[in-house]
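As the structure is a computational prediction, the values presented were derived from the model and not from experiment. Positions are given from 1 along the sequence.
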Amino acid sequence: MAIQGALPVEFAAVFPHGAFALGVEAITDFETKRPQLDKESGLPLWAVDVIDADPDARGKAKSVKVKIPAKVCPTLPDEVPGLPFRPVEFESMAVMPYVDDNGRRPRVAYSLRARGVKPPTAGAAGGGRRSPAKDAA
């Protein structure tokens with residue numbers, strides 16, 4: 001098969017309404033209690049807790065983790081006055097499908113990865129969104 005590993009995907013395809021970060025934490029191996037390392041780069045893995053800004057997202061889809069391999073903990077963008085969470089955009093995103101067999105029936109699930117995190121760019125989904133009045137003009 002020609003496709004191996006994670007599938008590259010654009011940030012706007014994963015989070016068309018934008019995303020908000022709650023925090024970042026190191027991912028530790030359950031058994032060894034040591035930092036989990038990325039298989040490709042050998043760097044420690046960090047998990048950014050994210051809220052999907054999609055108003056139709058429900059349940060488990062509303063809150064996800066995006067894994068970032070990095071030597072040091074990724075720094076989240078500055079807080080935005082008036083917002084309860086930090087708007088973010090992820091760089092070089094990829095989706096890794098896997099079989100989740102923790103339930104009654106196995107299902108296909110997805111792990112989200114990125115190379116970095118930054119403030120949303122103007123005009124990106126969730127970031128510099130225009131008002132409907134300007135869109136109609």
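Tyr98 and Tyr110 sit in two unconnected hydrophobic clusters of ILVMFWY residues. Membership requires side-chain heavy atoms under 4.5 Å apart, directly or through other members. The hydrophobic clustering, which links ILVMFWY residues whose side-chain heavy atoms are closer than 4.5 Å, places Ile27 and Val48 apart.
Residue Lys33 qualifies as enclosed at atom NZ: its count of foreign heavy atoms under 6.0 Å is above 12. Within 6.0 Å of CD in Glu79 there are 12 or fewer heavy atoms belonging to other residues, nucleotides or ligands.
Across all their heavy atoms, Val50 and Ala19 have their closest contact at CG1-CB, 3.6 Å. Contact detail for Phe90 and Phe11: the closest heavy-atom pair is N-CD1, 3.4 Å. When all heavy atoms of Pro77 and Val117 are compared, the pair lying nearest together is CD-CG2, 4.4 Å. For the pair Pro74 and Ala70, the tightest heavy-atom approach, listed with the atom from each and the gap, is CG-CB, 4.5 Å. Here the closest heavy-atom approach between residue Val108 and residue Pro97 is recorded as CG1-CB, 4.4 Å. The minimum heavy-atom distance between Phe20 and Ala53, with the atom names listed, is CE1-CB, 3.6 Å.
Using a 4.0 Å cut-off between charged nitrogen and carboxylate oxygen, Asp29 and Arg34 do not count as a salt-bridge pair. Taking the charged nitrogens against the carboxylate oxygens, Arg115 and Glu40 do have a contact shorter than 4.0 Å, which makes a salt bridge.
Using modelled atom types, one side-chain atom of Glu89 and one backbone atom of Thr121 make a donor-acceptor pair closer than 3.5 Å. Between the side chain of Trp46 and the backbone N or O of Val24 there is no donor-acceptor pair closer than 3.5 Å. Judged by distance alone, the side chain of Arg58 and the main-chain N or O of Pro55 form a donor-acceptor pair under 3.5 Å.
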> Yes or no on salt bridge (Lys or Arg N to Asp or Glu O under 4.0 Å) for Asp38 and Lys67, after CA distance, side-chain angles and deciding distance?
Replying inline: CA-CA 9 Å; Asp38 180 53; Lys67 296 178 183 179; over 6 Å; no

> How far apart are the C-alpha atoms of Asp52 and Lys62, what are their side-chain angles, what is the distance that settles it, and do they pass the salt bridge (Lys or Arg N to Asp or Glu O under 4.0 Å) test?
Replying inline: CA-CA 5 Å; Asp52 188 343; Lys62 190 70 176 167; over 6 Å; no

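The distance from atom CZ of Arg113 to atom CD1 of Ile68, rounded to the nearest 0.5 Å, is 11.0 Å. Here the straight-line distance linking atom SG of Cys73 with atom CD of Glu25 works out to 9.5 Å at 0.5 Å rounding. Here the CE atom belonging to Met96 is positioned 11.5 Å from the CG atom belonging to Leu112, to the nearest 0.5 angstrom.
No side-chain heavy atom of Leu37 sits less than 4.5 Å from a side-chain heavy atom of Leu45. In this structure, Asp100 and Arg107 have side chains that are in contact, with non-hydrogen atoms separated by less than 4.5 Å. Using a 4.5 Å cut-off on side-chain heavy atoms (C-beta onward), Val14 and Met93 make contact.
Phe15 pairs in a side-chain contact (heavy atoms from CB on, under 4.5 Å) with only one of the listed residues (Ile51, Val64, Asp54), which is Val64.
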